[in-house]
Amino acid sequence: MAEVSMVYPLSFQPMNQTTALEVLCSGHNTFLTGSPGTGKTYVINAFISYLQQRGIFPSVVAPTGIAASHIGGQTVHSFFGLGIKDDLSDEDIEKILGKSWVTKNLKKLQILIIDEVSMLSPGIFYAMDRILRAYHLRTEPFGGIQVVLSGDFFQLPPVQRAGGARHFIWQTELWDDLGLSICYLEKSYRQENDPLLQILQEIRGQDISEESMDHLRKRYKRSPEDMPTPTKLYTHNADIDRINDEHLSSINAQEKLYDSECYGNAVHLDRLFKS
């Protein structure tokens, strides 16, 4: 499959948070999306609260540990027992369903909420579907349970292997088979009249105004004035280590040595030091 332009291949109706929550509560498979600050997490938490008040406890998963922690759930891999594989054979499915802790998760699964779906690879998307179909012995997508997807495809893309083409779950047949109701949250609840927010919104729509371009030109190759050294963010640990080593080596002071003592479970301590 070739690379594609990042424009949603979907028809959707912009709506507010209340209407989106009503769609979720109706029992439909749903894709909840919108730009940063529109309240996707707020709506998901309100939906979870609505379900819990009625004795229903949804299972919440996300592609990464940080995303899962943010929404109070588990990673997709840990919940479904996927290990390191993206694509599963029939034998893999059988082994996964033979794990008691996985079947315990699936037994209590009534509604599945998947957050930050922009980072979810098609392989993992299909893996979850196949596991649930096999467990429930049903042919409907995801074994017939309600699936709520939340995220923004204009943000973080799926993790891919080196050299592979970037594929998204909305490019799959499974996405179409789910018959998703699309809830696009339009109103941002972050700073009003914020030039940065306006620029980001225009970039999303691939229609950047001259006003926004003027803001960008004024800051092109210019250092911040009258402020401390800004925090630098990098995508690779090698760059981080290089910058940190450069700053440490520039310190002209006497070196000090501190001895430490550690207490607790040896396995947990070892894991902390390794990470």
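Source: prediction; values computed, not measured.
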Answer yes or no: is there a donor N or O on one side and an acceptor on the other, between the side chain of [X] and the main chain of [Y], under 3.5 Å?
| X | Y | result |
| --- | --- | --- |
| Thr33 | Gly151 | yes |
| Ser121 | Pro158 | no |
| Arg204 | Leu200 | no |
| Glu116 | Ala62 | no |

Taking atom [atom1] of [X] as the centre, does the number of heavy atoms from other residues, nucleotides or ligands within less than 6.0 Å exceed 12?
| X | atom1 | result |
| --- | --- | --- |
| Lys95 | NZ | no |
| Arg222 | CZ | no |
| Glu246 | CD | yes |
| Ile66 | CD1 | no |
| Tyr42 | OH | no |

Among the clusters formed by ILVMFWY side chains lying less than 4.5 Å apart, do [X] and [Y] turn up in the same one?
| X | Y | value |
| --- | --- | --- |
| Ile71 | Ile56 | yes |
| Phe125 | Met119 | no |
| Leu185 | Leu156 | no |
| Ile199 | Phe154 | no |
| Tyr50 | Phe57 | no |

Quick one: [atom1] on [X] to [atom2] on [Y], what's the gap to the nearest 0.5 Å?
| X | Y | atom1 | atom2 | value |
| --- | --- | --- | --- | --- |
| Leu106 | Lys99 | CG | NZ | 11.5 Å |
| Leu180 | Leu149 | CG | CG | 5.5 Å |
| Ile203 | Asp207 | CD1 | CG | 11.5 Å |
| Tyr135 | Thr103 | OH | OG1 | 6.5 Å |
| His136 | Ile131 | NE2 | CD1 | 11.5 Å |
| Phe47 | Gln52 | CZ | CD | 11.0 Å |

Of the non-hydrogen atoms in [X] and [Y], which two are nearest, and what is the gap between them?
| X | Y | answer |
| --- | --- | --- |
| Ile124 | Leu120 | CG2-CD1, 3.7 Å |
| Leu82 | Ala127 | CD2-CB, 4.1 Å |
| Leu32 | Lys40 | CD2-O, 3.5 Å |
| Ile93 | Leu88 | CD1-CD1, 3.6 Å |
| Pro63 | Val76 | N-CG2, 4.1 Å |
| Ser212 | Ile208 | CB-CG2, 3.9 Å |

Note to self: Taking ring pair (Phe, Tyr, Trp, His ring centres under 6.0 Å) as the cut-off, I'd like each qualifying pair that reaches into residues 63-122, sequence neighbours left out, listed once.
What the structure shows: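 For residues 63-122: none.
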Can you pull out every ring pair (Phe, Tyr, Trp, His ring centres under 6.0 Å) where at least one residue sits in residues 235-264? Sequence neighbours excluded, please.
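Listed by first then second residue: nothing to list.
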ask   = Using 30° and 60° as the class limits, which term best fits the ring planes of Phe153 and Phe168: parallel, tilted or perpendicular?
value =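 Geometry flag for Phe168 against Phe153: perpendicular rings.
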- prompt: So, Arg242 and Asp239, do they make that salt bridge, N to O below 4.0 Å?
  reply: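 So Arg242 pairs with Asp239 through a salt bridge.
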(request) Taking the side chain as every heavy atom from C-beta outward, state whether Gln155 and Pro36 have any pair of such atoms under 4.5 Å apart. (result)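 Counting from C-beta outward, Gln155 and Pro36 do come under 4.5 Å.
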Exercise for the section: For residues His167 and Thr172, determine if any side-chain heavy atom of one lies less than 4.5 Å from a side-chain heavy atom of the other. Expected result: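 Sidechains of Thr172 and His167: no contact.
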TODO: List the steps and the verdict of side-chain contact (heavy atoms from CB on, under 4.5 Å) for Gln198 and Glu211.
DONE: CA-CA 10 Å; Gln198 178 182 332; Glu211 179 185 359; 3.7 Å; yes
* Would Leu132 and Leu109 count as a side-chain contact (heavy atoms from CB on, under 4.5 Å) if you check the C-alpha gap in whole Å, the side-chain angles of each, and the deciding distance to 0.1 Å? -> CA-CA 10 Å; Leu132 286 169; Leu109 176 57; 3.5 Å; yes
Indicate whether any N or O donor in one side chain lies under 3.5 Å from an N or O acceptor in the other, for Ser35 and Thr38.
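Short answer, no.
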- Residue pair Gln53 / Ser49, side-chain donor-acceptor N/O under 3.5 Å: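 Yes.
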What side-chain donor-acceptor pairs closer than 3.5 Å can you find for residues 139-147, not counting sequence neighbours?
| residue | atom | partner | partner atom | Å |
| --- | --- | --- | --- | --- |
| Glu140 | OE1 | Arg138 | NE | 3.3 |
| Glu140 | OE2 | Arg138 | NH2 | 2.9 |
| Gln146 | NE2 | Leu24 | O | 3.1 |
| Gln146 | NE2 | His28 | O | 2.9 |

